[in-house]
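In this text, all values refer to a predicted model and were calculated from it rather than measured experimentally.
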Amino acid sequence: MSMIRDLRAVVRPSARPLPRKEAAASFEPDTTTSSAVVDCAVYRDGARLESGRTLSPQEAMREVRRDGGFVWIGLHEPTEAEFAGIASAFGLHPLAVEDAVQAHQRPKLERYDDSLFTVFKTVHYVEHDQLTASSEVIDTGEVMCFTGRDFFITVRHGGQGSLRALRHRLQEDPELLAKGPSAVLHAIADHVVDGYLAVADSVQDDIDEVETEVFSPGRNGGVSRGVDSARIYQLKREVLEFKRAVAPLQRPMQLLSERPMRLVDPDIQKYFRDVADHVARVHEQVMGFDELLNSILQANLAQASVAQNEDMRKITAWAAIIAVPTMVCGVYGMNFKYMPELHWKYGYPVIMSVTVALCLGIHRTLKRNGWL
């Protein structure tokens, strides 16, 4: 219990007074954030304070600075004007604010004087009945997190990656939530990476399906003609989008798990190691997907080439067979008056018999050699 009280003491630091001008500007009413703010709540001793109404970010900050705890504000695709009031109130760095509003950022971790700015790429698997050349397999979004001494702000972009269920799960574990904003940061990181694991399993199923089609025997046990290469290429592009979400996140998770940071509780930092391990595992899977799809694509092209060669051999074989009667007909179709067999009674049946015999002999030889 003493350790928990010490952790709570970290979460409930003494309020640091702001200069009068800055405080006055920070607590000015802001009516532009209502459309972007999804939720705003104050947490103290791991429990959410119920005020009976939705607090504005400025009211929540005033509550925290006066009585301790931390505020968690969730926003969805705010405009620059909608985010300006919150950014000013909490002293967020302009560069981080610009990244949060514009989105389309790569996963990263940036440290500023009084806050951490973390970018996560959320990944969602798009269900489909059959993989086609235009199927969307991976849908990505973004979650930007501002972690401060007494605040935690999330900015979400995209239709996927809602944090409402995660917030409710955290509220059911007050002992963990009492460790402050860094506990929320870990929960979001773990939630995002768990999504990567689920998506990786689904993508594996798609790759297995394509691989089975490529290497399945063709008709009558012959050479497979492969599948549409556009399907494989489309799946490869989706895997590349997945890789862009996972690969850059390895370094931020390593920093959060290995390097001491004053805004991250030491007990919470241990849990980031597990997240870093999961990111490394997913990264290895995605790299394996990329290499496997390269091999499948090359095998598919090779099979198509082999099938074309087989077709050309059959065409060549039949051309060789047809060449015999063509030659005979060509010879006897010439307008020569004196030809030995023209006036012979048995000339026609003999020539036809020889022609058929030659054709059958060539056919048997080519079939025995695998050309037919």
Query raised in the report: Should L249 and M287 be regarded as members of a common hydrophobic cluster, given that ILVMFWY residues are connected when their side-chain heavy atoms come within less than 4.5 Å of each other, either directly or indirectly?
Result: no
Requested in this report: Using atom types as modelled and distance alone, determine if a side-chain donor or acceptor of E77 lies under 3.5 Å from a backbone N or O of G158.
Outcome: yes
Query - Side chain Q269, main chain L256, donor-acceptor under 3.5 Å - result: yes
**Report entry** Sub-4.5 Å side-chain heavy-atom contact between L358 and V354
**Finding:** yes
Query raised in the report: Mind checking whether D267 and K179 have side chains closer than 4.5 Å, heavy atoms only?
Result: yes
Query raised in the report: Do D99 and V119 come close enough that some side-chain heavy atom pair is under 4.5 Å?
Result: no
Query - E80, CD atom: more than 12 neighbouring heavy atoms under 6.0 Å - result: no
Query raised in the report: Taking the side chain as C-beta and beyond, is there a heavy-atom pair between L170 and Y43 under 4.5 Å?
Result: no
Requested in this report: For the pair R244 and E241, find out whether any cationic side-chain nitrogen is under 4.0 Å from an anionic carboxylate oxygen.
Outcome: yes
Report task. Verify, without hydrogens or angle tests, whether S115 (side chain) and G148 (backbone) share a donor-acceptor contact under 3.5 angstrom. Result -> no
Query raised in the report: So does R65 pair up with D150, basic N to acidic O under 4.0 Å?
Result: yes
Query raised in the report: Looking at OG of S162 and NE2 of H76, how far apart are the two atoms once the value is rounded to the nearest 0.5 Å?
Result: 8.5 Å
Query - Check against side chain to side chain contact (heavy atoms under 4.5 Å, CB included), E258 and F272 - result: CA-CA 9 Å; E258 298 173 358; F272 277 108; over 6 Å; no
Report task. State, to 0.1 Å, how close L185 and C145 come at their nearest heavy-atom pair, and which atoms those are. Result -> CD1-CB, 4.1 Å
Report task. May I ask you to test the E63-V71 pair for a side-chain heavy-atom distance under 4.5 Å? Result -> no
Report task. Apply side chain to side chain contact (heavy atoms under 4.5 Å, CB included) to the pair E142 and V155, showing each step before the final yes or no. Result -> CA-CA 8 Å; E142 293 179 54; V155 181; over 6 Å; no
Query raised in the report: What's the spacing between I296 CD1 and I207 CD1 if we round to 0.5 Å?
Result: 6.5 Å
Query - H283 vs Y196 side-chain heavy atoms within contact, under 4.5 Å - result: no
Requested in this report: Mind listing the closest non-hydrogen atom pair of S182 and D265 along with its distance?
Outcome: OG-N, 3.2 Å
Query raised in the report: Applying the 4.5 Å side-chain criterion to the ILVMFWY set and letting contacts propagate, would V123 and L240 be lumped into a single cluster?
Result: no
Requested in this report: Quick one: do Y125 and D206 satisfy side-chain hydrogen bond (donor to acceptor under 3.5 Å, both in side chains)? Show the steps, please.
Outcome: CA-CA 11 Å; Y125 179 77; D206 283 337; 2.8 Å; yes
Report summary line: Rounded to the nearest 0.5 angstrom, the NE2-CG distance for H157 and L75 is 9.0 Å
Query raised in the report: Judged by atom type as modelled, is there a donor-acceptor pair below 3.5 Å linking the side chain of E211 to the main-chain atoms of E209?
Result: no
Query raised in the report: At what distance, to the nearest 0.5 angstrom, does CD1 of I138 lie from NZ of K243?
Result: 13.5 Å
Query raised in the report: Any chain of hydrophobic side-chain contacts (each under 4.5 Å) joining L166 to Y271?
Result: no
Query raised in the report: Can you name the closest pair of heavy atoms from Q171 and L177 and give their distance?
Result: CA-CD2, 4.2 Å
Query raised in the report: Between R281 and D277, does a side chain to side chain contact (heavy atoms under 4.5 Å, CB included) hold up when you go through it step by step?
Result: CA-CA 6 Å; R281 171 188 163 189; D277 288 341; over 6 Å; no
Query - Closest non-hydrogen atom pair between A245 and K121, with its separation - result: CB-CB, 3.4 Å
Report task. Report yes if the side chains of M61 and F90 come closer than 4.5 Å at any heavy-atom pair, otherwise no. Result -> yes
**Report entry** Distance in Å, D290 CG paired with K236 NZ, rounded so as to fall on 0.5 Å steps
**Finding:** 3.5 Å
Query raised in the report: Can the ring centres of F151 and F70 be said to be less than 6.0 Å apart?
Result: no
Query raised in the report: Do the rings of H93 and Y112 sit parallel, tilted or perpendicular, given the 30° and 60° boundaries?
Result: parallel
Query raised in the report: Do the ring planes of F146 and F117 sit parallel (below 30°), tilted (30 to 60°) or perpendicular (above 60°)?
Result: tilted
Query raised in the report: Which atom names give the shortest non-hydrogen contact between V137 and E238, and what distance separates them?
Result: N-OE1, 3.2 Å
Query - D114 backbone acceptor or donor facing R149 side chain under 3.5 Å - result: no
Requested in this report: Report whether L292 and L197 are members of the same hydrophobic cluster (ILVMFWY, side-chain heavy atoms less than 4.5 Å apart, transitive linking).
Outcome: yes
Requested in this report: Go through the steps to decide whether L301 and S229 satisfy the test side chain to side chain contact (heavy atoms under 4.5 Å, CB included), and finish with yes or no.
Outcome: CA-CA 8 Å; L301 295 176; S229 297; 3.7 Å; yes
**Report entry** Joint cluster assignment, V356 & I362, ILVMFWY side-chain distance < 4.5 Å
**Finding:** no
Query - Check: H124 side chain, T122 main-chain N or O, donor-acceptor pair, under 3.5 Å - result: no
Report summary line: Closest heavy-atom pair, L263 versus T147, reported as atoms and distance to 0.1 Å, is CD1-O, 3.6 Å
Report task. Would you please say whether a donor-acceptor pair under 3.5 Å links the side chains of Q204 and D208? Result -> yes
Query - Nearest-0.5 Å distance that lies between atom CG in L255 and atom CG in L116 - result: 10.5 Å
Query raised in the report: Between the main-chain N or O of T365 and the side-chain N or O of N369, is there a donor-acceptor pair closer than 3.5 Å?
Result: yes
Query raised in the report: Heavy atoms, side chains only, cut-off 4.5 Å: are D67 and L49 in contact?
Result: no
Report summary line: side-chain contact (heavy atoms from CB on, under 4.5 Å) with P252: of V279, L109, V275, only one passes, and it is L109
